[in-house]
Visitor: 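The structure follows.
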Number of protein chains: 2
Amino acid sequence: MDDQLTRDLFLGFIKIHILHHAVKEDIFGQEFQNELNRHGYNISFGTLYPIFHRMEEQGYVESYKKNVDGKVRRYYKATKQGKKVLEKAKTQAKELVEELYEE
Amino acid sequence: MDDQLTRDLFLGFIKIHILHHAVKEDIFGQEFQNELNRHGYNISFGTLYPIFHRMEEQGYVESYKKNVDGKVRRYYKATKQGKKVLEKAKTQAKELVEELYEE
DNA sequence: AAGTTAATATTGTAATACGATATTGTCAAG
DNA sequence: CTTGACAATATCGTATTACAATATTAACTT
């Protein structure tokens, strides 16, 4: 269990991960949570799904349903606007890291 | 004016900036907002001050008042716990950037 | 048609964001 | 002294977000 600030800081990282992956391939909730876990991030579905929903409402990703092995998944992929935001976030993230690591 | 997601993503970055600077030197609100502006971040005092307050409540920074040229500033500096969280955030941020930029 | 299962969706409460507004504390001028 | 001005901090009210827990969906299986 992370402390509160750590969790808070990483929420932004998680959202960037979402965009990043949703640009590269179509993603869906369950699998993506596993991906996040692999990176050491912990997030519940009560947090993750609403993030997906909002990002779709606001036009950063779009979704479609697909039946896989008799289970219905909702896949998300980044829109043009989502890609644009991701590019900006990449630049800012890189600058942040450079500043954090300059001595 | 950034769009909503961009602003949301950067809020985490801003909090990391706070810790980073509060480790290096004592910081206070007005000046720090300028520093953030220089980095292209936009944040109002109604957001910034409560962040400081919470970070203090939760033990990541501590503060003291100081009279400078007849004006009272509240300076913040990172605690041991704050430094610890920063180190973790640095690691995570670096990994994120590496992933974002690998082809 | 009843049960099983993976996946998604939602609910209720607490916490957070943020523009606008108010407060504090000190100095300088009358 | 006390009033005005100023930098800085603090808070208010509304709207949004986080999150664990719970509910729902949809297709397959027996």
Side-chain angles (χ1 to χ4, degrees), chain A residues 1-19 21-22 26-37 41-77, chain B residues 1-19 21-22 26-37 41-77:
Chain A
M1 283 298 143
D2 281 335
D3 61 44
Q4 219 173 329
L5 180 56
T6 305
R7 161 171 286 209
D8 182 24
L9 295 180
F10 292 176
L11 243 191
F13 290 5
I14 286 171
K15 290 170 187 169
I16 294 175
H17 264 285
I18 292 174
L19 281 178
H21 283 274
D26 297 2
I27 63 175
F28 69 98
Q30 295 283 341
E31 180 195 57
F32 192 71
Q33 198 198 36
N34 291 339
E35 161 74 12
L36 288 174
N37 286 343
Y41 297 112
N42 232 325
I43 188 172
S44 87
F45 289 117
T47 304
L48 185 59
Y49 284 120
I51 288 173
F52 279 157
H53 299 166
R54 240 175 286 132
M55 285 176 74
E56 179 160 31
E57 265 174 31
Q58 298 172 354
Y60 304 107
V61 297
E62 53 193 17
S63 75
Y64 58 93
K65 287 185 175 180
K66 191 178 175 187
N67 184 329
V68 179
D69 295 333
K71 299 293 143 41
V72 180
R73 297 175 180 171
R74 182 178 288 279
Y75 281 95
Y76 291 88
K77 60 182 167 191
Chain B
M1 278 303 143
D2 280 335
D3 61 42
Q4 218 173 329
L5 180 57
T6 305
R7 162 172 287 208
D8 182 24
L9 295 179
F10 292 177
L11 243 191
F13 290 5
I14 286 172
K15 289 170 186 170
I16 294 175
H17 263 286
I18 292 174
L19 281 178
H21 283 275
D26 297 3
I27 62 175
F28 69 98
Q30 296 282 340
E31 181 196 57
F32 191 70
Q33 198 198 36
N34 292 338
E35 161 75 12
L36 287 175
N37 287 342
Y41 297 112
N42 231 328
I43 189 173
S44 86
F45 289 116
T47 305
L48 185 59
Y49 284 120
I51 289 174
F52 278 158
H53 299 167
R54 241 174 287 132
M55 286 177 74
E56 180 160 32
E57 265 174 32
Q58 298 173 354
Y60 304 108
V61 297
E62 54 193 15
S63 74
Y64 58 94
K65 286 185 177 179
K66 191 177 174 188
N67 183 330
V68 179
D69 294 334
K71 301 292 144 41
V72 180
R73 297 174 180 170
R74 182 177 288 278
Y75 281 95
Y76 291 88
K77 60 183 170 190

Visitor: For dT29(D), does either OP1 or OP2 sit under 4.0 Å from a side-chain N or O belonging to K71(A)?
Guide: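 Looking at the OP1 and OP2 atoms of dT29(D), neither is under 4.0 Å from any side-chain N or O of K71(A).
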Visitor: Between atom CE in M55(B) and atom P in dT16(C), what is the gap in whole Å?
Guide: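 The distance from CE of M55(B) to P of dT16(C) comes to 12 Å, rounded to the nearest Å.
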Visitor: Looking at DNA chain C, which of residues 59-69 of chain A put a heavy atom within less than 4.0 Å of it?
Guide: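 Heavy-atom cutoff 4.0 Å gives no residues at all.
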Visitor: Rounded to the Å, how far apart are R54(A) CZ and dT17(D) P?
Guide: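 Checked: the CZ to P distance equals 5 Å.
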Visitor: Let me know the distance between CG of D26(B) and C1' of dT9(D), rounded to the nearest Å.
Guide: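 In whole Å, dT9(D) C1' and D26(B) CG are 17 Å from each other.
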Visitor: List the atom pairs, donor and acceptor, that lie under 3.5 Å between side-chain atoms in residues 44-52 of chain A and the rest of the protein, sequence neighbours left out.
Guide:
unit_1	atom_1	unit_2	atom_2	d
S44(A)	OG	G46(A)	N	3.2
S44(A)	OG	T47(A)	N	3.4

Visitor: Does F28(B) reach a base, just sugar-phosphate, or nothing at all? Heavy atoms under 4.0 Å.
Guide: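 Counting heavy atoms under 4.0 Å across all strands, the contact made by F28(B) is with sugar-phosphate only.
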Visitor: Heavy atoms under 4.0 Å, any strand shown: does L11(B) hit a base, just sugar-phosphate, or nothing?
Guide: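 Sugar-phosphate: the residue L11(B), judged by heavy atoms under 4.0 Å, touches backbone atoms but no base.
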Visitor: Which atom pairs, donor and acceptor, lie under 3.5 Å between side-chain atoms of residues 65-75 of chain B and protein residues at least two apart or in another chain?
Guide:
unit_1	atom_1	unit_2	atom_2	d
N67(B)	OD1	G70(B)	N	3.0
R73(B)	NH1	Y75(B)	OH	3.0
R74(B)	NH1	S63(B)	OG	2.9

Visitor: Is the phosphate of dG25(C), meaning OP1 or OP2, less than 4.0 Å from a side-chain N or O of R73(B)?
Guide: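 No, R73(B) has no side-chain N/O under 4.0 Å of OP1/OP2 on dG25(C).
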Visitor: For Q33(B), answer base if it contacts any base atom (sugar-phosphate contacts may also be present), sugar-phosphate if it contacts only those atoms, and nothing otherwise; contact means non-hydrogen atoms under 4.0 Å.
Guide: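 Nothing: the residue Q33(B), judged by heavy atoms under 4.0 Å, touches no strand.
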Visitor: Could you tell me how far apart E35(A) (CD) and dA7(C) (P) are, to the nearest whole angstrom?
Guide: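 My rounded result for the distance is 15 Å.
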